[in-house]
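A short write-up of the structure that comes next.
Sequence positions, counted from 1, serve as the residue numbers for this chain.
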Amino acid sequence: MELIDEREPDEGETSLMCLMVEVAGPQGPILVHRPWTASDVRDAAENLPDPMISGKDFGDELIRFCREYRPTGAEIAPDREMSTLPTQTINTTMLTALAAAITEALHRTDVTAVTTCKQLEDEPVDEFIHRLITLGLQKDITTEVQRTYVGCGDLCLLAELHRHARHAQLMLQQKKDIKGQKAQKELHMASLTIYCSNILSSNKCLLLNGQHIISYSVSVTKQPSWTQTFSGESITLTCEIHGGGNAQWEYEWSTPSSNQPADKTGKVLMISRADVTHSGNYYCMGRRNREFTQWSDVITLTVTSERPKPRLTAGPSTISVGGSVTLSCSVDGSDGWKYDWYRQTSNEWTEAGDGDNREIRVTQGGVYSCQGRRGEPTYSNYSDYVTIEITSFMFVSDSNSVSVSLQLDWTQVIRGQITVRCEIQGGGDTQWVYDWETTSGKTITQRTDTNYWTVSAFSSGGYRCRGTNRQDSFSSTWWSEPAALTVSGAVLTFDPSWSRYFTGESVTFTCDMKDDKRTDWETRLIKDGGEIVSYSGYRIKALSTGNSGRYQCFSVHRKTNHIKTSGTVKLIVSGSNKVVVTLHPNWTQLFRGETITVRCEIEDRGDTEWEYEWKTQRTTNTQQNEVNISSASSSHSGNYSCRGRMRNAQHNTTEWSQSIRLSQCVFKLFKVICSLSIR
């Protein structure tokens, strides 16, 4: 049975809208309304908005849907949780109540509205919540809510938002009250100070509450009075009341909130081990009975966490024996420091200097460092090192007392080495170690226990030396004047210049000095790294395969320490080429009138161009490697041999080949008689 809504339709209420279909009428086809089917209702219900996003939008759309489609309670909520709804069509009163309940239960607040509307200054949160949908909370409250309400994104449940907002407002109000009380106290004390200093000529004034402010001068002193404090140091602050006599005062201190001392009621404020949290402003005041002083001026304490590093400076780093140099140590930007000095010899550090002086004068060589200390004490870091070197006095006036010389020994030069020797005159029985250095090109340094240095891979440049006392590594001679070595190039050539030579041939070696016309040059020819001859020009009359190898030449001019060296040139010597004579076709029988070719073949001929020479019974002028016989006859019988001659070196020939004998075959008494022999 359908439940009929008996109340009058509300103004603007949606009329029943149904589909129209064409049916047969009395006078032809007509259009009539077709009632909604259950399938139509389900399809339309799928377009309702998501209630979890907006309960209000869902409630409004549900009212419109029910007025248009007239569903029953079972069609709206087929599940058991909503089975209490009537199975009949829902009337308007029930529909409105249902939509309101859904809106209330699923309503969420759009937090993005916070950025467009703010809470009034004195407006309680309870009142503001009523317009939260369209208005915004204050920025501080919004920030706090978003921080504490973890489940709140752009959309929040209204009840949870309400609870978090009230808590945020309470916290912010407490902070505001504390800040206001502090400001009021400071303003009050400033007003009392101005009042007493401008109106009264006596040393106290009467306040409304019966207390008196005393115009005594108050100050804070710091011990030690250093401008900068480092972590771990002890600081004592004292509150001084000037003109207060021997009265028993109580003291009040204002200190940085980051680190409160344990006792702030005494005259002396002790900080036993300062750290960065003690940095800030300190001031004090005194009180007795119903009187109190003004606040003192502020004293600022700055505590640095890192220990300072001293700066060590010196005059010249090299001095002569008997001389001295002043070293100075300082910690920049702070005061109150005393200094300890240290000197390193070998691998040990010893104290240097007798006092706490900032400056010391030293007469010994070595590595020096300093460290600052002050207070109980507090130590700075160590300074950077400074090296002081002492030069022996005997070499100051005579720069030639240390000399260096070059030894150009052939056994070393051909291996790419030279020897540099250092001579120290007047050194007595001093035991030296020797320092070496090149002065041009890529600098090379070396230390040896002997007075000579074998230099590998020598190059043009200067070489110098000095001696260092073996017992005191910071006492040494002056550097010697450098000895210059010049290295330049030469060119090794072969004459004749062939890519390959054969045994028995000759060759001449020449070391071209590149237009250097100086005399007194010594030249060496080197084969495979070993010396073979001293020469100005060298000739091998008959080459053998053992002469193959890599050749290089060196020339030395001892008066000027000049070395010329060529690049490496490869010489290849091969044995004589083997020559053979072959027949084509290679028949064992030859008859009159047949055709045959006699060919001269040179084994391992390489890229050499050859001409050929033949020995036959007949005169042959051909220089080709073949003798062609087009019609054999008895005149072609005989021995054939050949040899090759280089086209570009007519004097270079191979050995003669073995002979091959060619004979004609004839018919005799029905037998074939022929001969073919090689010898």
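Using a 3.5 Å distance cut-off with no hydrogens or angles, the side chains of T565 and Q552 do pair a donor with an acceptor. Side-chain contact of S555 with T523: a donor-acceptor pair under 3.5 Å is present, judged by distance alone. A donor and an acceptor atom, one from each side chain of R550 and T568, are nowhere located under 3.5 Å apart. Side chain to side chain, S254 and Y283 meet the donor-acceptor criterion of an N or O pair below 3.5 Å.
Across every non-hydrogen atom of V556 and V413, the tightest pair is CG2-CG1, 4.3 Å. Summarising the geometry of Q407 relative to R421, their closest heavy-atom pair is NE2-NE, 2.9 Å, with the distance given to 0.1 Å. For the pair A274 and I271, the tightest heavy-atom approach, listed with the atom from each and the gap, is CA-CG2, 3.8 Å. The heavy-atom pair separating C239 from V218 by the smallest distance is SG-CG1, 3.8 Å. Taking each heavy atom of V404 and C465 in turn, the nearest pair found is CB-SG, 4.1 Å. Minimum heavy-atom separation, K564 to G489: NZ-O, 3.6 Å.
Separation of atoms CG (D275) and OG (S305) is listed at 9.5 Å; rounding is to 0.5 Å. Distance check, rounded to the nearest 0.5 Å: OG1 of T300 to CG of N281 gives 4.0 Å. Here the CD1-OG distance, from I299 to S225, works out to 9.0 Å after rounding to the nearest 0.5 Å. Going from atom CG of N451 over to atom CD1 of I424 covers 8.0 Å, rounded to the nearest 0.5 Å. The CH2 atom of W337 sits 10.0 Å away from the SG atom of C329 when rounded to the nearest 0.5 Å. Note that OG of S296 is 11.5 Å distant from OH of Y251, once rounded to the nearest 0.5 Å.
Taking the six-membered ring for Trp and thresholds of 30 and 60 degrees, W521 and H557 have ring planes more than 60 degrees apart, a perpendicular arrangement.
In terms of modelled atom types and a separation under 3.5 Å, the side chain of D435 and the main chain of R466 share no donor-acceptor contact. Side chain of T302 to backbone of Q228: no donor-acceptor contact under 3.5 angstrom is found. Using modelled atom types, no side-chain atom of T387 and backbone atom of V367 make a donor-acceptor pair closer than 3.5 Å. No donor-acceptor pair under 3.5 Å is formed between the side chain of T378 and the backbone N or O of G375. Between the side chain of S566 and the backbone N or O of C553, at least one donor-acceptor pair lies under 3.5 Å. Side chain of S234 to backbone of S272: a donor-acceptor contact under 3.5 angstrom is found. No donor-acceptor distance shorter than 3.5 angstrom exists from the side chain of W341 to the backbone of Q371, with no hydrogens or angles considered. The backbone N or O of T450 sits less than 3.5 Å from a side-chain atom of T448, completing a donor-acceptor pair.
For K267 and E240, the salt-bridge test passes: some basic side-chain N is under 4.0 Å from an acidic carboxylate O. Note on R558 versus E522: salt bridge recorded, some NZ/NE/NH1/NH2 to OD/OE distance being below 4.0 Å. We find that E233 and R374 are joined by a salt bridge, their nearest charged nitrogen and carboxylate oxygen being less than 4.0 Å apart. Checked for salt-bridge contact, D384 and R311 miss the test: no charged N lies under 4.0 Å from a carboxylate O. No salt bridge links E481 with R464; every basic N to acidic carboxylate O contact stays at or beyond 4.0 Å.
Residues satisfying the side chain to side chain donor-acceptor pair (under 3.5 Å) test with D528, not counting sequence neighbours, are none. Taking the side chain to side chain donor-acceptor pair (under 3.5 Å) definition, one finds that T419 meets it with Q412, sequence neighbours left out.
Residue Y342 places its OH atom among more than 12 non-hydrogen atoms of other residues, nucleotides or ligands, all under 6.0 Å distant. Within a 6.0 Å sphere centred on CZ of R447, heavy atoms belonging to other residues, nucleotides or ligands number more than 12.
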Start with the C-alpha distance between V402 and C422, add both sets of side-chain angles, then the distance that settles side-chain contact (heavy atoms from CB on, under 4.5 Å), and finish with yes or no.
-> CA-CA 7 Å; V402 183; C422 188; 4.0 Å; yes

Can you check side-chain contact (heavy atoms from CB on, under 4.5 Å) on Y434 and Y452, steps first, answer last?
-> CA-CA 8 Å; Y434 297 85; Y452 60 87; over 6 Å; no

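For the pair R287 and W249, the cation does not sit on the ring face, since its NZ or CZ is not both under 6.0 Å from the ring centre and inside 45° of the axis.
Side-chain contact between S219 and H242 is present, with at least one heavy-atom pair separated by less than 4.5 Å.
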